[in-house]
Amino acid sequence: MIRFFLAIVVMFFLPFFSYAAYSFVRRGGKLEGNLLEGAPVKWLAIAGGVLAIGTLVNLVSMDILEYERTSQPPAPSEDAEKSGR
């Protein structure tokens with residue numbers, strides 16, 4: 001459960017971290033002021049939301065596929081065995 005939460009949170013904040021890294025590199029490695037000053041916060045939030053939802057869908061679908069792969073087929077019932085004889 002914590003893996004799902006951390007993956008979604010990281011994917012939401014990934015655009016913000018990327019923009020901060022881009023701003024840091026553009027400033028020549030100087031930490032003067034806020035790195036997210038003048039950032040397109042709405043677009044970063046939308047991109048983060050899309051990444052978070054995509055990650056959630058991927059994780060849930062992978063868990064469903066893993067569950068289906070590990071589940072055993074139902075055992076044949078006694079009635080089916082008797083009718084086959």
Side-chain angles (χ1 to χ4, degrees):
M1 187 67 179
I2 191 78
R3 179 180 66 132
F4 290 128
F5 179 72
L6 288 176
I8 292 169
V9 168
V10 167
M11 294 311 281
F12 179 78
F13 286 110
L14 185 64
F16 293 95
F17 295 141
S18 300
Y19 188 86
Y22 168 75
S23 295
F24 180 73
V25 170
R26 269 194 87 191
R27 293 179 183 183
K30 298 177 184 174
L31 287 173
E32 297 172 358
N34 187 358
L35 290 175
L36 293 176
E37 184 178 337
V41 176
K42 289 180 185 177
W43 287 109
L44 293 174
I46 290 171
V50 168
L51 286 173
I53 290 171
T55 301
L56 178 65
V57 167
N58 186 21
L59 290 173
V60 168
S61 66
M62 294 300 285
D63 272 357
I64 290 172
L65 289 174
E66 182 179 327
Y67 174 76
E68 288 178 354
R69 196 175 320 124
T70 59
S71 65
Q72 300 294 330
S77 66
E78 292 179 22
D79 294 333
E81 289 177 7
K82 289 178 184 177
S83 65
R85 290 183 183 176

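Residue numbers count from 1 along this sequence.
Remark: L14 CG to L44 CG distance equals 10.5 Å, nearest 0.5 Å. A distance of 12.0 Å separates OG1 of T55 from CG of L6, quoted to the nearest 0.5 Å. Between atom CZ of residue R27 and atom CG of residue L35 there is a gap of 5.0 Å, rounded to the nearest 0.5 Å.
Taken together through direct or relayed side-chain contacts under 4.5 Å among Ile, Leu, Val, Met, Phe, Trp and Tyr, Y22 and W43 form parts of separate hydrophobic clusters. Both I8 and V60 belong to a single network of hydrophobic side chains, linked directly or stepwise wherever heavy atoms of I, L, V, M, F, W or Y lie under 4.5 Å apart. I53 and F12 are not part of a single hydrophobic cluster, where members link through side-chain heavy atoms under 4.5 Å apart. Linking Ile, Leu, Val, Met, Phe, Trp and Tyr whenever their side-chain heavy atoms come within less than 4.5 Å leaves M11 and F17 in two separate clusters.
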inquiry  = Applying side-chain contact (heavy atoms from CB on, under 4.5 Å) to F24 and L31, what does each step give before you reach the verdict?
reply    = CA-CA 7 Å; F24 180 73; L31 287 173; 3.6 Å; yes
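The two atoms that bring F16 and L36 nearest to each other are O-CD2, 3.8 Å, heavy atoms only. Shown here for G48 and P15, the closest heavy-atom pair between the two residues is N-CG, 3.6 Å. The nearest pair of heavy atoms linking G38 to Y19 is O-OH, 3.8 Å.
Judged as a side-chain contact (heavy atoms from CB on, under 4.5 Å), and not counting sequence neighbours, the contacts of V9 are F5, F13.
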